[in-house]
Amino acid sequence: MNRKRSIQGRSVPVLERTPALVWPQTGLASRRKSLLWLLVGCLCMLVAAPANAFDDAAADRVLQGAQQKLRATATNPAIPTTQYPKATTNGPWRTVANTANLDWVQGFFPGQLWFMYEQGRDPFWSTKADAWTRSLELQKSNPDIRQITHDLGFKFMGSFGQAYRLTGDDTYRQVVLTAAGSLARRFNPTVGVIDCCDWNDGTWHVPMVTDTMMDLELLFWAARNGGDPAWNDMALRHALKTSTDMVRADGGTFHVVDYSTSGAILSRGTFQGFSNSSTWARGQAWAIYGFTMAYRYTRDPRMLQAAQKVTDYYLARLPADFVPNWDFNAPADQQQKDSSAAAIVSSALQELSRYVSDPAVAQRYQSAALATLDSLASPAYLAPATSAFPGILLHGVAFYKTAIKPQGEDIDKSLIYSDYYFVEAVSRFKLWNQGGWLSTLGFPESVHGLGTGNTGVRITEFDVTPLSKLIDSVIGYADTSTNVTAYSSLAMSIRLNPSGFFDVRRGGAYAALASVPYQANTTYHVRMQTDLGAKTYSVWVTPPGGGEVLIADRFAFRSDAPPTDDLGKVALKSGHFDNEFRLRNHTVRAP
């Protein structure tokens, strides 16, 4: 039977088991998709088998086990900081060197170490994460374009990107910007795609692969954080070509599209899948995650539409345990579970569920994410925390046996990227399951309505918790009638500034009457008194265990803000990353 849990303040049915379903490949079936999903949901209520729904206790158990595994690997003298885990079965990690330019996995191990540091800010983890992160810096650029991989996003966002998010050290940001510039060199402006590689020049001409959707984050992020704004357009053009040329009408995906130098499609195929007409499960996972991420940065509705299209294909073909086989169309005698695809999707669907406007669809995506996590956290897929086995997830498939690679590679093994996305998915669950409001990069989605009637003199109070160090975030207020599109839309702004202190907007600049520093994972109480008639406001901050400190005394509203007659909206705006801070217990009242 279905159970319900409260997620983001909603009552969400948990799909504990879903039978496999294949949509008929007809236009009528496509038009009836919404109705069919409703029928599937009803069917699940009748035939679903009992299961332990993924919850906070399960998340804590997974993260504690991950800590044990990662600590053992990070302190293993056989793995120096110039070597990076890739795959394992029953023995030690097989590793790749920091100098292996054309490999793609080096960012995942330091990325997991940064996730561990985020959990409790234990300096053990930041020290280890920094060591494996900095060892990868030598790949940020190369004069030989053939030595620059399209997978720089995999390598640098999980390592240097996370390092900057969690420490605020600008050294990391500069490395990310250099790596983004290198990736931009692979962009072919005539075709409008990032040319994935040169190693298969005898067969491909200007190839685009589905994996590159993940690497686009390097360009999207860098374009917003000091890099060339043109990088954003490159990334979006590539994503749009992927959606039109790589995604099939039914929502399945090819793995490779090869173009001529003039931009004509020469071929579509599936390099790592069963056949050119099949859908490789991890490639589909890259598409789900990649389009979702592209929507996060661009809010382009075409990205959201593409994300939902490839997601619906994936969900409709899942087996009962929500972990797909390596290829959705391979024959039964050539099937093998691939936990890596499931881990990627379990992370992506949690994010995608936050973007769709239809509550029923959001519930379906979130329920599928939790059902997947439930399976991955079970003994069927999760390696025992106390075992000497170094991997976290079992049963991943890197490259199944095909005509291209008859012996295959890393079949039924633990894969470092499986572990990374699983830990990310569990970390996201913990982050998004704690209630309150989280800050976002985009303005429209940062806004929360406060209702009408908040006029005259009003007292606003809330608790704010920075989730990273040295962020650049704003809690801003606007009139009910104001369309919040920029900082200038906000008449009143309380900032957690990049120098590590609270300050407040006064007319044309930020200022503070007293110095109140903030620390990551520490909660501060804020009180604001606003006089809407006088167009002034005062702000007090109470540090934990301390007294209330006045940091703004009747500061004037922002000088270039629209007319503001009420407190109708609050915007929680991040400066560099989504989720820079959490806000709870927000109230507005009369004095």
Side-chain angles (χ1 to χ4, degrees), residues 84 96 98-108 110-111 133-165 171-201 204-243 246 256-259 283 286-287 289-291 293-294 296-298 303 417 420 576-577:
Y84 295 78
V96 295
N98 61 334
T99 55
N101 289 341
L102 300 185
D103 213 306
W104 64 285
V105 303
Q106 292 99 325
F108 296 118
T133 293
R134 292 184 187 272
S135 183
L136 195 56
E137 182 177 355
L138 55 82
Q139 292 203 29
K140 67 183 179 182
S141 61
N142 197 303
D144 182 1
I145 187 67
R146 297 178 64 86
Q147 293 299 311
I148 294 176
T149 172
H150 69 123
D151 284 322
L152 289 179
F154 280 125
K155 295 185 183 187
F156 283 90
M157 286 307 295
S159 56
F160 285 89
Q162 288 221 74
Y164 179 62
R165 177 175 69 89
T171 303
Y172 297 123
R173 183 180 69 92
Q174 294 297 333
V175 172
V176 174
L177 295 182
T178 301
S182 296
L183 179 58
R185 290 176 59 196
R186 295 211 63 87
F187 183 75
N188 185 310
T190 301
V191 182
V193 304
I194 293 171
D195 185 334
C196 85
C197 45
D198 302 297
W199 50 263
N200 207 15
D201 280 352
W204 296 335
H205 302 80
V206 184
M208 173 178 71
V209 296
T210 187
D211 317 45
T212 310
M213 280 299 303
M214 303 293 288
D215 297 294
L216 298 183
E217 184 171 13
L218 180 60
L219 297 177
F220 281 134
W221 188 89
R224 290 158 174 78
N225 288 275
D228 188 341
W231 295 343
N232 178 82
D233 300 330
M234 293 179 186
L236 182 56
R237 283 186 66 188
H238 181 102
L240 289 171
K241 289 288 283 187
T242 302
S243 68
M246 187 167 281
V256 185
V257 179
D258 189 29
Y259 300 91
W286 294 146
Y289 193 116
F291 285 125
M293 174 271 298
R296 180 203 315 159
Y297 283 98
T298 67
M303 294 296 95
Y417 42 94
Y420 176 89
H576 303 297
F577 297 89

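Worth knowing before you read on, the calculation uses all heavy atoms, side chains too, and leaves out hydrogens, waters and symmetry mates.
Considering CZ of Arg237 and CG of Leu216, their distance stands at 13.0 Å, rounded to 0.5 Å. For the atom pair Asn98 CG and Asn101 CG, the distance stands at 9.5 Å (nearest 0.5 Å). The OG1 atom of Thr210 sits 5.5 Å away from atom CE of Met246, with the distance rounded to the nearest 0.5 Å. Note: Asn188 CG to Met234 CE = 10.5 Å, rounded to the nearest 0.5 Å. In this structure, CG on Leu183 lies 4.5 Å from CG on Leu219, to the nearest 0.5 angstrom.
Inter-residue side-chain proximity for Asp195 and His205 is flagged as unmet; no heavy-atom pair is nearer than 4.5 Å. Within the 4.5 Å cutoff, side-chain heavy atoms of Phe291 are placed close to those of Thr242.
Taking all atoms of both residues into account, the shortest heavy-atom contact from Ser141 to Thr178 is CB-CG2, 4.1 Å. Between Asn232 and Phe220, the shortest heavy-atom distance links the atoms OD1-CD2, 3.2 Å. Closest of all the heavy-atom pairs between Cys197 and Trp204 is SG-CZ3, 3.9 Å. Taking each heavy atom of Trp231 and Gly181 in turn, the nearest pair found is CZ2-CA, 3.5 Å. Here the closest heavy-atom approach between residue Gly192 and residue Phe187 is recorded as C-CE1, 3.6 Å. Closest heavy-atom contact between His150 and Cys196: CD2-O, 3.1 Å.
Between the side chain of Lys155 and the backbone N or O of Asp103, at least one donor-acceptor pair lies under 3.5 Å. Side-chain atoms of Arg224 come within 3.5 Å of backbone atoms of Tyr297 as a donor-acceptor pair (strictly under, hydrogens ignored). Not a single donor-acceptor pair under 3.5 Å links the side chain of Gln106 to the backbone N or O of Tyr84. Side-chain atoms of Arg173 come within 3.5 Å of backbone N or O of Asn225 as a donor-acceptor pair.
Taking the six-membered ring for Trp and thresholds of 30 and 60 degrees, Trp221 and Tyr164 have ring planes more than 60 degrees apart, a perpendicular arrangement.
Checked against the 6.0 Å centroid threshold, Trp286 and Phe154 count as a close aromatic pair.
Considering Thr149, Thr212, Asp198 as possible partners of Arg186, the one that fulfils the side chain to side chain donor-acceptor pair (under 3.5 Å) test is Asp198. Screening Lys140, Arg134, Gln139 for a side chain to side chain donor-acceptor pair (under 3.5 Å) involving Glu137 leaves a single residue, Lys140.
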